Amino acid sequence: MSDNNWSLQPQDVFKRSPIVPVMVINKIEHAVPLAKALVAGGISVLEVTLRTPCALEAIAKIAKEVPEALIGAGTILNEAQLQQAVDAGSQFIITPGATVDLLKAAKKGNVPLIPGVASISEVMVGMELGYTHFKFFPAEASGGVNALKSFSGPLANIRFCPTGGISPATYKDYLALDNVDCIGGSWIAPSDAVDSEDWARITQLCKEALNGL
Ligand SMILES: O=C(O)C(=O)C[C@H](O)[C@H](O)COP(=O)(O)O
């Protein structure tokens, strides 16, 4: 039972792919080929960070031209960006941290928000407003696998997508945790591969990561 009008629930995002690529798009012409390369490698949940001037346009283009992907916006810091990301066609929203205003605003809308948290107190604020699915960020710097193990005692039924500092050497340790459904990372779409338009390498990285599970 959900207490929101979201068109998609966070668990639908979390369960769709164990790896969520964190994408930084500097050139709009890279948006669609990058999304297609990731989908070709078996990863169809995509987070475009709002860190570059063309990010909103990139989300809109991917939403239109790569319908097989679930496209979300990351790095949302305030309500204005939340609205812009929704207007661009984002199907989910991820934030690095959370404010009560942002949590409340997203609850009133139709697009699911996955708030960033780094502590139990932050999770508790989210829980009071009905949130059950969180991004644990920055994962490695905030205690990593050991922190999440400790969270699972008091925070039963809360699900996490750890992100930040996760690498091919560590992603499996996170995915083995009971309270983790998926992890986020930029290594799957490295900036040098994007800059050189080496889409085949990105598809290969996805396949290797998924085959390793
Ligand atoms: O921009 C945001 O909203 C973020 O949350 C940051 C990203 O999730 C991390 O920068 C990804 O971390 P790496 O995989 O360590 O590169």
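What you see is a predicted model, and the numbers here were worked out from it, not measured in a lab. Counting convention: from 1, in listed order, for ligands and their atoms alike.
- Ionic pairing of Lys149 and Asp173 is not present here: no N-O contact between side-chain nitrogen and carboxylate oxygen is shorter than 4.0 angstrom.
- Under a 4.0 Å criterion applied to the non-hydrogen atoms of Val22, ligand 1 contributes the atoms 7 (C), 8 (O).
- For ligand 1, the polar-atom distance check finds no N/O of Ile166 at less than 3.5 Å from any of the ligand's N/O atoms.
- Looking at Thr75 against ligand 1, both its backbone and its side chain come within 4.0 Å, counting heavy atoms.
- At the shortest separation from atom 10 (O) of ligand 1 among protein heavy atoms lies Arg51 NH2, 2.9 Å.
- In this structure, the protein non-hydrogen atom closest to atom 15 (O) of ligand 1 is Gly165 N, 2.7 Å.
- At a threshold of 4.0 Å, the pair Glu47-Lys135 counts as salt-bridged, since one of the basic side-chain nitrogens sits closer than that to a carboxylate oxygen.
- Closest protein heavy atom to atom 11 (C) of ligand 1: Thr163 CG2, 3.9 Å.
- Checking side-chain atoms of Gln91 against main-chain N and O of Ile71 turns up a donor-acceptor pair under 3.5 Å.
- Atom CD1 of Ile188 sits about 12.0 Å away from atom CE of Met23, to the nearest 0.5 Å.
- Of the possible donor and acceptor atoms, one in the side chain of Asn179 sits under 3.5 Å from a partner among the backbone N and O of Leu148.
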Under the ring pair (Phe, Tyr, Trp, His ring centres under 6.0 Å) criterion, do Trp6 and Phe92 qualify, and how do the steps go? CA-CA 9 Å; Trp6 290 342; Phe92 62 95; over 10 Å; no
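- Among Gly164, Pro96, Ala73, Ser167, the residue whose heavy atom lies nearest to atom 12 (O) of ligand 1 is Gly164.
- If you check which protein heavy atom lies closest to atom 14 (O) of ligand 1, you get Ser186 N, 2.9 Å.
- Separation of the Phe14 and Phe160 ring centroids does not fall under the 6.0 Å cut-off.
- Ion pairing of Asp3 with Lys107 is present here, as a side-chain N (NZ or NE/NH1/NH2) and a carboxylate O approach within less than 4.0 Å.
- Under a 4.0 angstrom heavy-atom cut-off, Lys135 registers as being in contact with ligand 1.
- Close approach of ligand 1 to Gly185 (heavy-atom distance below 4.0 Å) involves ligand atoms 14 (O).
- Remark: distances from the non-hydrogen atoms of Phe137 to ligand 1 include one below 4.0 Å.
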